[in-house]
2 protein chains.
Amino acid sequence: MEKEKLERLSKAGWKAAGTEEFLGLSSAEAALVELRLRLSDKLKQRRRTMKLSQTAFAKSIRSSQSRVAKMEASDSTVSIDLLIRSLFGSGITLQELSETISDR
Amino acid sequence: MEKEKLERLSKAGWKAAGTEEFLGLSSAEAALVELRLRLSDKLKQRRRTMKLSQTAFAKSIRSSQSRVAKMEASDSTVSIDLLIRSLFGSGITLQELSETISDR
DNA sequence: GAATAATATGTCTAAACTGACATATCATTA
DNA sequence: TAATGATATGTCAGTTTAGACATATTATTC
């Protein structure tokens with residue numbers, strides 16, 4: 001995992017409980033974190049494509065600006081559930097979700 | 001969405017809050033539910049391939065037999081987070097997760 | 001460079017989720 | 001059909017996550 005990504009993560013409140021790999025992440029944990037990053041990047045990308053502010057986007061998915069900011073930052077208080085619900089709320093399809101997860 | 005699937009869902013405690021489509025599911029809600037079904041099916045399939053009882057599998061992912069049963073049943077008290085964490089815990093890759101979501 | 005908009009961060013209470021346990025139902029087989 | 005193992009269901013107390021709000025920081029525009 002790249003340095004930039006790790007900085008982003010520790011900034012977002014991540015400090016793994018696990019035992020393996022870099023920064024103490026087990027491979028399962030690493031996969032989870034990677035997944036989160038991909039989902040949050042996709043969300044930010046979609047919001048920007050829609051040309052909405054976080055506030056406007058939040059309203060459209062019935063959330064709040066602060067939560068959207070945290071989602072986009074992959075904050076550790078944000079669940080994968082919320083990320084996915086938000087993506088679906090923004091109109092993404094299962095197919096696109098699948099591609100979001102595998103792409104790279 | 002097929003009848004069988006709907007029965008399975010209402011049995012699992014689902015009764016949508018939404019406004020559109022069958023059983024009152026909005027398309028975003030429907031996508032979420034469909035996602036859950038695919039994840040829980042995959043989980044059950046993996047456990048069976050590993051030839052583990054729910055109890056043994058639960059132990060391996062640090063959960064409980066009852067929760068595993070609920071995961072496999074797509075129970076409404078089970079989060080997507082837990083499903084995905086369990087899949088990663090069972091050794092699935094991001095690629096396989098992606099395929100699980102799009103397949104069908 | 002002040003004003004304004006956008007985004008980030010910290011914190012709260014309520015709601016949702018979790019593992020665990022008890023117990024019920026169903027399946028297998030002796 | 002009794003016994004044993006597997007799975008399902010209900011409940012609960014502890015934990016995590018949610019939206020909301022306040023406020024800080026950063027961008028944009030005048």
Side-chain angles (χ1 to χ4, degrees), chain A residues 7-18 28-29 32-33 35-37 39-41 43-90, chain B residues 7-18 28-29 32-33 35-37 39-41 43-90:
Chain A
E7 282 169 12
R8 191 177 153 197
L9 289 172
S10 74
K11 189 160 184 245
W14 294 101
K15 38 179 175 286
E29 286 171 332
L32 269 174
V33 163
L35 174 61
R36 271 173 202 279
L37 288 177
L39 296 176
S40 60
D41 283 352
L43 191 70
K44 180 180 235 167
Q45 178 210 302
R46 281 184 66 81
R47 177 181 64 81
R48 285 183 167 167
T49 298
M50 297 176 187
K51 301 208 186 295
L52 295 178
S53 66
Q54 290 181 347
T55 302
F57 183 72
K59 187 159 300 184
S60 83
I61 62 169
R62 259 179 287 270
S63 184
S64 64
Q65 180 271 324
S66 58
R67 211 113 272 280
V68 170
K70 280 161 190 168
M71 285 188 232
E72 291 184 356
S74 256
D75 188 274
S76 60
T77 70
V78 172
S79 70
I80 292 172
D81 256 275
L82 183 60
L83 288 168
I84 292 181
R85 273 190 274 124
S86 300
L87 282 168
F88 283 146
S90 81
Chain B
E7 281 169 11
R8 192 177 152 196
L9 289 172
S10 74
K11 189 159 183 246
W14 294 101
K15 39 178 173 284
E29 286 172 332
L32 267 174
V33 163
L35 174 61
R36 272 174 200 277
L37 289 178
L39 296 176
S40 60
D41 282 353
L43 192 71
K44 181 180 235 165
Q45 178 210 302
R46 280 184 66 82
R47 177 181 65 80
R48 285 184 167 165
T49 298
M50 297 176 187
K51 300 208 187 297
L52 295 178
S53 66
Q54 290 181 346
T55 301
F57 183 72
K59 186 159 299 184
S60 82
I61 61 168
R62 259 179 285 271
S63 185
S64 64
Q65 180 272 324
S66 58
R67 210 115 275 279
V68 170
K70 281 161 189 167
M71 285 189 233
E72 292 184 354
S74 256
D75 187 274
S76 59
T77 70
V78 172
S79 71
I80 291 173
D81 259 276
L82 183 61
L83 289 167
I84 291 181
R85 272 189 276 125
S86 301
L87 283 167
F88 283 146
S90 82

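Lettering of chains follows the sequences in order, A, B, ..., and the numbering in each one begins at 1.
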**Prompt:** Can you check whether A/S86 reaches A/R67 side chain to side chain, under 4.5 Å on heavy atoms?
**Reply:** no
**Message:** For A/A58, is there any backbone N or O sitting under 3.5 Å from a side-chain donor or acceptor partner on A/S63?
**Reply:** no
**Message:** For A/R46 and A/M50: C-alpha separation, side-chain torsions, deciding distance, then whether side chain to side chain contact (heavy atoms under 4.5 Å, CB included) applies.
**Reply:** CA-CA 6 Å; A/R46 281 184 66 81; A/M50 297 176 187; 3.7 Å; yes
**Request:** Give the C-alpha distance, both sets of side-chain angles, the deciding distance and a yes or no for side chain to side chain contact (heavy atoms under 4.5 Å, CB included) between B/E29 and B/V33.
**Result:** CA-CA 6 Å; B/E29 286 172 332; B/V33 163; 5.5 Å; no
**Asked** Would you say the side chain of A/D41 lies within less than 4.5 Å of the side chain of A/K44, judging by non-hydrogen atoms?
**Response** no
**Message:** How long is the straight-line distance from NZ of A/K59 back to OG of A/S64, given to the nearest 0.5 Å?
**Reply:** 11.5 Å
**Asked** Over how many whole Å does the gap from B/L43 atom CG to D/dT7 atom C1' extend?
**Response** 14 Å
**Message:** Please encode protein proximity along nucleotides 11-30 of chain D as a string of B, S and -, counting only heavy-atom distances under 4.0 Å.
**Reply:** B-----SBBBB---------
**Item:** Spatial distance of atom CD1 (B/I84) from atom CG (A/L39) [nearest 0.5 Å]
**Value:** 7.5 Å
**Item:** Interface residues of residues 44-53 of chain A with DNA chain C (non-hydrogen, below 4.0 angstrom)
**Value:** A/R47, A/S53
**Request:** Determine the minimum heavy-atom distance between B/R36 and B/D75, stating which atoms define it.
**Result:** NH1-O, 4.4 Å
**Asked** To 10°, what angle do the rotation axes through the five end pairs on each side of the helix from C/dG1-D/dC30 to C/dA30-D/dT1 form?
**Response** 50°
**Request:** Using atom CG of A/D75 as one end and atom P of C/dT7 as the other, report the distance to the nearest whole Å.
**Result:** 17 Å
**Prompt:** Is there side-chain contact between B/K70 and B/L82, with at least one heavy-atom pair below 4.5 Å?
**Reply:** no
**Asked** Under 4.5 Å between any side-chain heavy atoms of B/L83 and B/L35, yes or no?
**Response** no
**Message:** Heavy atoms only, 4.0 Å cut-off, all strands: where does B/K59 land among base, sugar-phosphate and nothing?
**Reply:** nothing
